[in-house]
2 protein chains.
Amino acid sequence: MSYSYEYPKADHTVDAVVFGLDQDAVSLKVLLIERGLEPFRGYWALPGGFIHMDEDLDAAVLRELEEETNVKLSFVEQLYTFGNPNRDPRGRVISTAYLGLARPSHVTVKRGSDAASAVWWSLDKLPELAFDHSEILEVGMQRLRSKVRWQPVGIELLPDAFTLTDLQQVYEIILGRELDKRNFRRKVLSFGVLAPTGETRYERHRPARLYQFDKDRYQLLRKQGIDFEV
Amino acid sequence: MSYSYEYPKADHTVDAVVFGLDQDAVSLKVLLIERGLEPFRGYWALPGGFIHMDEDLDAAVLRELEEETNVKLSFVEQLYTFGNPNRDPRGRVISTAYLGLARPSHVTVKRGSDAASAVWWSLDKLPELAFDHSEILEVGMQRLRSKVRWQPVGIELLPDAFTLTDLQQVYEIILGRELDKRNFRRKVLSFGVLAPTGETRYERHRPARLYQFDKDRYQLLRKQGIDFEV
DNA sequence: TCAAAAGTGTTATGAGTACACCCATGC
DNA sequence: GCATGGGTGTACTCATAACACTTTTGA
């Protein structure tokens, strides 16, 4: 069975909006690459590239991310497909954008493939981006903000063990407002998806209890339709 | 400036999951076409087709819908992009799916283009669908159900003037559960986006007040971050 | 006068929010 | 002993949810 289409075809790319935390867990960063090829050579852009003919879109994102930045994701979901006919000077290029989250421990940026370099950029001092990537980034940020209200997104950004203050800071960064410590703790603990490791972390002051995320219990509650609004 | 890519390219289509109400406003239907061409000739499928090189994705959906079914939408948004390499026997075809809503008054299905026929199907007795369209339809249904909790989706399915009982029935259909009449009315009226037309509709029993949707006021409240959970 | 859908308020419960002080450690 | 962040409980407000009867019309 063979069907042939001879008319011109669009190209298809994937691009990833990947967020991660700074080491001090106090600011949110986005992963950008410096383009090594035309067009927009020397500009900063979202990591991504052309899909292969035999790979799924999700696989293409992970591959491109691995090739260009060596970053592995703790979370990924499809964001939106951008198809404006003029969004790419090379011609008709449709791009499916993904939202990704990475833990700090997994971030070891390397040189590779089409990218001249790859760096975590602070969201408050971004460079001009190639193509329509500013628009894509904005959509990614909106999605992150709306996700955080219903799902324990913060956990995907933190290391395996973390303190409740760490977690609260992540939520405050993403939501862009301060939260009450007592209310926050009561709320997140009431979900029953956080378990103390028994360990503590001491840095200069009173040691803080470390917690870990109980993924099985989370999946169970999700199936029961439980929301996790903070 | 010219960049040429000679490797094989995927095709790109759009498909639409379009919901509408039956005349009696008591059941939710989905718009399907009967395929007139191979592959899956004679099967039922979501309306859609190949995008043109110079048109935006949104425009492509509306065009295909117009060509195949003559249905105009009161609401449309992008749903998800399906890119499994084996989803289409013709080869690599990536499809961006859209969610659409149509008012009953706008529904006048016609013959045209690739479709042998176009019909509103009840959701509880669907035929086997072509390609991965069952999966796409399921994603559309999920999106509709999650949207209904935050946005006055019901209004996009009803005619310009409607009774509160109409509106409640729409919500009950989409949510799949019964709602309390008094609570529902208090809630939807409290948003302040419904205005009585002054008219009533009488059919056999006590006449019901007709309402219309105040779109300007709705946009205003949305900008203020107001949610519309029912 | 009866059948059928339209329309209307009150109460109880639970969630969200605001708020201030003591505790454990390093220096 | 003091500076610093860790850790805890109560009271108020507001939204949700449960619940039953009267009104208006056509037949």
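Here is how names work: the chains are called A, B, and so on, in the same order as the sequence lines, proteins then strands, and each is numbered from 1.
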B:Gln219, CD: over 12 other non-hydrogen atoms inside 6.0 angstrom =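 Check passes, neighbour count above 12.
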Please state how far atom [atom1] in [X] lies from atom [atom2] in [N], giving the value in whole angstrom units.
{"X": "A:Arg185", "N": "C:dA15", "atom1": "CZ", "atom2": "C1'", "result": "20 Å"}
{"X": "B:Asp166", "N": "C:dA5", "atom1": "CG", "atom2": "C1'", "result": "12 Å"}
{"X": "B:Lys187", "N": "D:dC14", "atom1": "NZ", "atom2": "P", "result": "16 Å"}
{"X": "A:Asn183", "N": "D:dC12", "atom1": "CG", "atom2": "C1'", "result": "13 Å"}
{"X": "A:Phe162", "N": "D:dG6", "atom1": "CZ", "atom2": "P", "result": "14 Å"}
{"X": "A:Phe191", "N": "C:dA15", "atom1": "CZ", "atom2": "P", "result": "11 Å"}

ask   = In residues 199-208 of chain A, which ones come under 4.0 Å of DNA chain C, going by heavy atoms?
value =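 Per residue number, the list reads A:Arg204, A:His205, A:Arg206, A:Pro207.
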query = With sequence neighbours excluded, what pairs up with A:Arg35 under the side chain to side chain donor-acceptor pair (under 3.5 Å) test?
reply =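 For A:Arg35 there are no side chain to side chain donor-acceptor pair (under 3.5 Å) partners, ignoring immediate neighbours.
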query = Can you name the residues that form a side chain to side chain donor-acceptor pair (under 3.5 Å) with A:Glu34, not counting sequence neighbours?
reply =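 By the side chain to side chain donor-acceptor pair (under 3.5 Å) rule, A:Glu34 matches A:Ser117.
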Closest listed nucleotide, where the reference is the side chain of [X] and the choices are [options]:
{"X": "A:Arg182", "options": "D:dG6, D:dT16, C:dA20", "answer": "C:dA20"}
{"X": "A:Arg186", "options": "D:dG6, C:dG9, C:dT17", "answer": "C:dT17"}
{"X": "A:Lys181", "options": "C:dA18, D:dC19, D:dG6", "answer": "D:dG6"}

query = D:dG6 phosphate, OP1 or OP2: any side-chain N/O from A:Thr165 under 4.0 angstrom?
reply =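 Affirmative; the distance criterion is met.
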Tell me which donor-acceptor pairs under 3.5 Å the side chains of residues 205-215 of chain A have, and how far apart each pair is, sequence neighbours excluded?
| residue | atom | partner | partner atom | Å |
| --- | --- | --- | --- | --- |
| A:Asp214 | OD1 | A:Asp216 | N | 3.3 |
| A:Asp214 | OD1 | A:Arg217 | N | 3.1 |

inquiry  = Any donor-acceptor pair, under 3.5 Å, between the side chain of B:Arg209 and the base of D:dT24, if you only look at N and O atoms?
reply    =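 Looking at the base of D:dT24, it does not pair with any donor or acceptor on the side chain of B:Arg209 (distance under 3.5 Å).
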task = Would you list the pairs meeting side-chain hydrogen bond (donor to acceptor under 3.5 Å, both in side chains) in which at least one residue belongs to residues 125-135 of chain B, sequence neighbours left out?
result =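 Non-adjacent pairs meeting side-chain hydrogen bond (donor to acceptor under 3.5 Å, both in side chains): B:Arg87-B:Asp132.
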key: ring-ring contact (aromatic ring centres under 6.0 Å, His included) against A:Tyr43, all qualifying residues, sequence neighbours excluded   =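 Checked A:Tyr43 against ring-ring contact (aromatic ring centres under 6.0 Å, His included); matches are A:Phe40.
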